[in-house]
Amino acid sequence: MENKYLILAYYHFFKIENPELFVKEHKFFFKDRDVTGRIYISSEGINGQMSGFKKDCEAYMLWLKSQKGFEQVTFKVDPHHQNIFYKMTVKEREQLVAFDQKVDLSQTGTHLNPKEWDEVLENEDYFLIDVRNNYEMEVGHFKTAELPPCETFREFSDYTEKKLLPKKEELENKKILMYCTGGIRCEYYSAYLSEKGFKNVYQLDGGVLNYNHKVGKGHWTGKLFVFDDRLACKVGESDECISTCHHCSEKSDRYYNCANMDCNFLFTCCTNCLETYQGCCKETCTASKRLRPFNHVQNTPFRRWYHYMDEAEKLTK
């Protein structure tokens, strides 16, 4: 398939005096353009993941860089054959990521480019933390990483209090490394650790997305979870699968949201169990009155109930 589309991932910190106006300006710019995605804007800056027809994405990158304070925004760009989100959403948010902790973003960890990152992994004493949700880690992670059992980013403050602070002395002479998908969660978490008194805090610049561009598989194992219709993508050229089916424990790294709209649990599943449970995470969910239409081919993530109601109406016309 021809790659006529681009995938953009980016964030940029800059004090925005009127986030609501910047949201409106974005919506006006995107009007009548072939783009989809999720963009969050706050007084701290912008955090975006989007896709679009190549000329529309290129126009957007030029437009955003032309805005005062955004001249140095860095985009991670990948070619693709279609849009990877259901629609375009641009929202104002109090926080660019949901951490629920006030941090001083001038105290973030030292950024390591992918080459520097590998040099530390290969030659130095370190403690490596995966700063993502546990279901993201399941399908792929750096081989030597600590994998905190956090279901959401908000839980990392509790993980820090209970697990890291008690061994603060033990970590004093090690480099504390961290990574996430695109880098923004590490900005918040590294600043949080610095405020807690941890020294030698480092973060992977641009996250795993940038590492994939510059290194490929390297010290990574498995695939990379992404918050779009792909759900998981290769790192480098490797098709390695390290996760298992939620039902039968066979190897599987294809994610599905439970077909029960009142459950919506995200889980990995093999094709046989997907058929058996009709897209549900457990047998009781198969009896729900609000089941998404079963489709064993496409593992598109969660859509709101009205989406399926609209589809049902189209089929009856």
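Side chains are part of it too, since the values below use all heavy atoms of this structure and drop only hydrogens, waters and symmetry mates. Computed from a prediction, not measured in an experiment: that's the story for all the values here.
A distance of 10.5 Å separates CD in Glu250 from SG in Cys241, rounded to the nearest 0.5 Å. If you take NZ on Lys15 and OG on Ser42, they are separated by 9.5 Å, rounding to the nearest 0.5 Å.
Classification of Asp239 and Lys223 as a salt-bridged pair holds, one side-chain N sitting under 4.0 Å from a carboxylate O. Glu240 has a carboxylate O that lies under 4.0 Å from a charged side-chain N of Lys217, or vice versa, which qualifies the two as a salt bridge. Under the 4.0 Å criterion applied to side-chain N and carboxylate O atoms, Arg185 and Glu136 are assigned as salt-bridge partners.
Linking ILVMFWY side-chain heavy atoms closer than 4.5 Å, directly or via other members, places Leu193 and Phe13 in a single hydrophobic cluster. When the side chains of ILVMFWY residues are joined at heavy-atom separations under 4.5 Å, either directly or via intervening members, Leu224 and Leu128 end up in a single hydrophobic cluster. In terms of hydrophobic clustering, with Ile, Leu, Val, Met, Phe, Trp and Tyr side chains grouped at heavy-atom distances under 4.5 Å, Leu21 and Phe14 are assigned to different clusters. No path of Ile, Leu, Val, Met, Phe, Trp and Tyr side chains, each step under 4.5 Å between heavy atoms, connects Leu105 with Ile46, placing them in separate hydrophobic clusters.
Using a 30° and 60° split on the angle between ring planes, His247 and Phe267 fall in the perpendicular class, above 60°. Using the six-membered ring where Trp is involved, Tyr60 and Phe75 have ring planes that are perpendicular, over 60° apart on the 30 and 60° scheme. Using the six-membered ring where Trp is involved, Phe53 and Tyr5 have ring planes that are perpendicular, over 60° apart on the 30 and 60° scheme. By the 30° and 60° cut-offs, the orientation of the rings of Phe22 relative to His26 is perpendicular.
Not less than 6.0 angstrom separates the ring centroid of His111 from the ring centroid of Tyr202. Taking the ring centroids of Phe156 and Tyr188, they lie at or beyond the 6.0 Å cut-off. A centroid separation of 6.0 Å or more is found between the aromatic rings of Phe28 and Phe30.
Counted by atom type alone, Tyr40 and Glu94 present zero donor-acceptor pairs between their side chains at under 3.5 Å. For the 3.5 Å distance criterion, the side chains of Tyr135 and Glu151 fail to qualify, holding no donor opposite an acceptor. If you check the side chains of Asn113 and Asp205, you find no donor sitting under 3.5 Å from an acceptor. Side-chain atoms of Glu187 and Gln203 form a donor-acceptor pair, as typed in the model, at a separation below 3.5 Å. Thr144 and Tyr126 share a donor-acceptor pair across their side chains, judged by distance under 3.5 Å alone. Residues Tyr189 and Thr160 have side chains that bring a donor and an acceptor to within less than 3.5 angstrom of each other. In this structure, a donor-acceptor pair under 3.5 Å is absent between the side chains of Asp253 and Ser243. Thr244 and Ser249 form no side-chain donor-acceptor contact under 3.5 Å, judged by distance and modelled atom types alone.
Taking every heavy atom of both residues into account, Thr268 and Ser252 meet most closely at CB-O, 3.9 Å.
Each salt bridge (Lys or Arg N to Asp or Glu O under 4.0 Å) pair with one or both residues in residues 118-134, not counting sequence neighbours, appears once here: Glu124-Lys175, Asp130-Arg132.
Geometrically, Lys168 engages Phe198 in a cation-pi contact, judged by NZ or CZ lying under 6.0 Å from the ring centre and within 45° of the ring axis.
Asp78 pairs by the side-chain hydrogen bond (donor to acceptor under 3.5 Å, both in side chains) definition with His213, not counting sequence neighbours. Among residues two or more places apart in sequence or in another chain, the ring pair (Phe, Tyr, Trp, His ring centres under 6.0 Å) test is passed with Phe142 by Trp117, Tyr179, Tyr211, Trp220.
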